[in-house]
Amino acid sequence: MAKIDIAGLKKILKCTFIKAMRKICCLSVHFLVFSKNFEKKKNKKRIMRKNTE
């Protein structure tokens with residue numbers, strides 16, 4: 001009985017761990033994309049300022 005419970009718990013932990021890792025990966029990818037876009041916007045503003053000067 002105890003062995004089955006441990007195996008079940010391991011499965012549940014593995015599933016939750018994988019789900020958590022996927023979420024973290026998605027979030028980090030979104031953050032990277034966001035920061036890249038942010039940098040691009042910054043650079044565009046700089047270029048526009050240079051053109052107006």
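As the structure is a prediction and not an experimental result, all values here were calculated from the model.
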From Lys45 atom NZ to Lys42 atom NZ, the distance as rounded to the nearest 0.5 Å
9.5 Å

dist Lys40:NZ -> Ser35:OG (nearest 0.5 Å) comes out at 10.5 Å

Separation of Leu13 CG from Ile18 CD1 (nearest 0.5 Å)
11.0 Å

Got a second to check how far Arg22's CZ is from Phe17's CZ, nearest 0.5 Å?
12.0 Å

